[in-house]
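Quick notes on the structure that follows.
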Amino acid sequence: MRVLVTGGTGYIGSHTAVELIKRGNEVIIADNLSNSQENVIDKIKEITGVKPKFYLTELTNREETEKLFKENKFDAVIHFAGLKAVGESCLKPLMYYNNNLTSSIILAETMAKYGCKKLIFSSSATVYGEPERVPIKEDFPLSTTNPYGTTKLMIERIYTDLVKADPEWNVTLLRYFNPIGAHDSGLIGEKPNGIPNNLMPYIVKVAAGELYQLSVFGNDYPTHDGTGVRDYIHVTDLALGHVAALEKVAESGVHVYNLGTGTGYSVLDIVKAFEKVNGVKVPYVITNRRPGDIPECVADPTKAYEELGWKTVYGLEEMCRSSWHFLEKMREN
Ligand code: NAD
Ligand code: UDP
């Protein structure tokens, strides 16, 4: 298939591009490089032997988006492009609503205009708000606690309404849990700008001596050691979830899947595993809870297994090892 990957130089998009190419798909990447670098295209070539065509595209711009479709006939679009920092979204809500909603609407309008109606969208477990229990199933109630999450939920609703209005559309909403890790080659991975917000990139910087210590946000949650529990998923497993959705979801309609492992680890589980696997120290201090955090967020991935034949294969050790390996490779260059 010829697949447009928006946000394809970013963290999850680049790993997905690799897996798509490995399965024989033609990948075209569009990104405005607001949170990624163009040299990722060369890294993808180094891994796969194929250099995907790259467009520097601002997806909130209709003409730039249309150019992609004028010059290529796509079988499907995987839409990763978007802003994703929760804290920043609270400080700059209009920027988040404008970027994430406008790009998603213009993209779908352009797809309709050019007769491409197969779309896979990057949603997030954040749309479950504060779940009453775990593991979380796809039919749990939806709510959000910050503007970033609200953009995801709004886009899910917009695309769902689109399918209602035009049943020819085939839309898959993939709700990711906590992606971490990097490609086995160490050539692509997560490169946050500035001080990271998320746990794994923060741990990596502490272990590397670039940051002094990790703040563990609370140890009084109702979890096995009091620290927050999440469902961490290796980014390559997540990428393969997109390949499965692309290949298996044949019927039109809206299809929703959790992409997680079904296993929860606490902050301290991650710290200990990271130290052990990589032979490094991660000094930490317990601090107050981070506002908006929930105690536990773990997927029930049964639906994705049953309908897409997809399940995760990487364990926590590989997630920790590959995160560190990526940093070591970056230091070499
Ligand atoms: P990322 O920032 O690495 O990648 C997103 C890419 O989109 C970046 O390369 C950025 O330059 C590009 N982009 C942003 N706005 C754009 C625009 N208007 N036009 C063109 N390109 C634009 O993020 P990621 O971690 O790879 O996330 C990919 C998607 O998955 C995002 O939609 C994110 O919200 C979603 N998601 C991520 C996580 C996570 O923890 N990483 C969890 C759940 C959902
Ligand atoms: N966390 C932490 N210190 C940090 C960053 C995160 O203790 O510097 C905790 C956070 O409270 C949560 C877990 O790590 O329990 C995962 O947080 P992250 O921001 O990576 O993802 P989230 O699940 O919040 O999207």
Side-chain angles (χ1 to χ4, degrees), residues 5-16 29-38 40 55-61 64-65 68 78-87 89 95-96 98-104 106-107 121-127 145-146 148-149 151-152 155 174-180 188-193 195-203 205-206 211 213-219 221 223 226-233 235 238-239 242 259-260 264-271 284-298:
V5 178
T6 77
T9 44
Y11 174 46
I12 306 170
S14 58
H15 288 80
T16 304
I29 289 178
D31 201 296
N32 68 0
L33 301 179
S34 60
N35 196 37
S36 55
Q37 284 88 35
E38 194 173 340
V40 168
Y55 285 86
L56 180 62
T57 304
E58 173 49 64
L59 289 161
T60 58
N61 181 297
E64 290 185 27
T65 303
L68 300 166
I78 309 185
H79 181 32
F80 293 99
L83 298 173
K84 63 163 183 176
V86 171
S89 79
M95 184 170 106
Y96 270 67
N98 183 38
N99 189 75
N100 291 1
L101 296 181
T102 308
S103 58
S104 299
I106 288 180
L107 178 66
F121 172 63
S122 299
S123 189
S124 164
T126 190
V127 299
T145 53
N146 57 71
Y148 164 69
T151 68
K152 291 290 165 195
I155 298 163
L174 298 179
R175 296 181 181 148
Y176 312 156
F177 281 67
N178 287 55
I180 59 172
I188 51 173
E190 187 172 17
K191 258 193 193 174
N193 289 329
I195 296 178
N197 297 300
N198 296 112
L199 181 64
M200 184 53 86
Y202 206 103
I203 287 178
K205 289 213 168 193
V206 171
L211 292 169
Q213 63 187 8
L214 171 73
S215 295
V216 174
F217 298 143
N219 66 349
Y221 285 109
T223 61
T227 65
V229 165
R230 297 290 182 271
D231 185 336
Y232 296 94
I233 172 171
V235 65
L238 187 59
H242 294 74
L259 296 184
Y265 290 107
S266 73
V267 177
L268 293 182
D269 291 336
I270 301 288
V271 171
Y284 69 85
V285 61
I286 307 289
T287 63
N288 288 337
R289 292 180 176 193
R290 182 170 66 179
D293 272 358
I294 57 174
E296 224 173 330
C297 186
V298 179

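Note that the numbering runs from 1 along the sequence shown for the chain. All ligand and atom numbering here is 1-based and tracks the order in the structure.
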Counting non-hydrogen protein atoms only, what is the nearest one to [atom]? Give residue, atom name and distance.
atom	result
atom 24 (P) of ligand 1	K84 NZ, 3.7 Å
atom 19 (N) of ligand 1	L59 N, 3.1 Å
atom 4 (O) of ligand 1	G10 CA, 3.5 Å
atom 17 (C) of ligand 1	N32 ND2, 3.2 Å
atom 14 (C) of ligand 1	G82 N, 3.4 Å
atom 26 (O) of ligand 1	I12 N, 2.8 Å
atom 28 (C) of ligand 1	F80 O, 3.5 Å

Tell me if the OH atom of Y55 is crowded by more than 12 foreign heavy atoms within 6.0 Å. yes
Nearest non-hydrogen contact with [atom] belongs to which option: [options]?
atom	options	value
atom 33 (C) of ligand 1	Y11, F121, Y176, Y148	Y148
atom 9 (O) of ligand 1	N178, D31, L259, N99	D31
atom 2 (O) of ligand 1	L238, V86, N35	N35

Classify the contact between [X] and ligand 1 as side chain, backbone, both or neither, using a heavy-atom distance cut-off of under 4.0 Å.
X	answer
S123	backbone
T57	backbone
K152	side chain

Decide whether an N or O pair under 3.5 Å exists between [X] and ligand 1.
X	value
E58	yes
P179	no
S34	yes
S124	no

I need the atoms of ligand 1 closer than 4.0 Å to a non-hydrogen atom of [X], numbered in the order shown.
X	result
A81	7 (O), 13 (N), 21 (N), 22 (C)
G7	6 (C), 7 (O)
S122	29 (C), 30 (O), 32 (O), 35 (C)
L33	11 (O)

Below 30° counts as parallel, above 60° as perpendicular, anything between as tilted: where do the rings of H242 and F80 land? tilted
Given R230, which partner from the list I294, I270, L199 fulfils the side-chain contact (heavy atoms from CB on, under 4.5 Å) test? I294
Considering all heavy atoms of both residues, which atom of [X] and which atom of [Y] are nearest to each other, and what is their separation?
X	Y	result
K84	Y148	CA-CE1, 3.5 Å
D31	G10	OD2-N, 3.9 Å
I286	G218	CG2-C, 4.4 Å
P201	E190	CG-OE1, 3.6 Å
A30	T57	CB-OG1, 3.8 Å

Salt bridge (Lys or Arg N to Asp or Glu O under 4.0 Å) with K191: which residues, sequence neighbours excluded? none
Table of N or O contacts for ligand 2, cutoff 3.5 Å:
unit_1	atom_1	unit_2	atom_2	d
ligand 2	3 (N)	S215	O	2.7
ligand 2	7 (O)	S215	O	3.4
ligand 2	7 (O)	F217	N	2.9
ligand 2	11 (O)	D293	OD2	2.6
ligand 2	17 (O)	R290	NH2	3.4
ligand 2	19 (O)	N198	ND2	3.1
ligand 2	19 (O)	R290	NH1	3.4
ligand 2	19 (O)	R290	NH2	2.8
ligand 2	20 (O)	N198	ND2	3.3
ligand 2	20 (O)	L199	N	2.8
ligand 2	21 (O)	N178	ND2	3.1
ligand 2	23 (O)	N178	ND2	3.0
ligand 2	23 (O)	R230	NE	2.6
ligand 2	24 (O)	R290	NH2	2.9

Would you check if there is a donor-acceptor pair between the side chains of S36 and T9 at a distance under 3.5 Å? yes
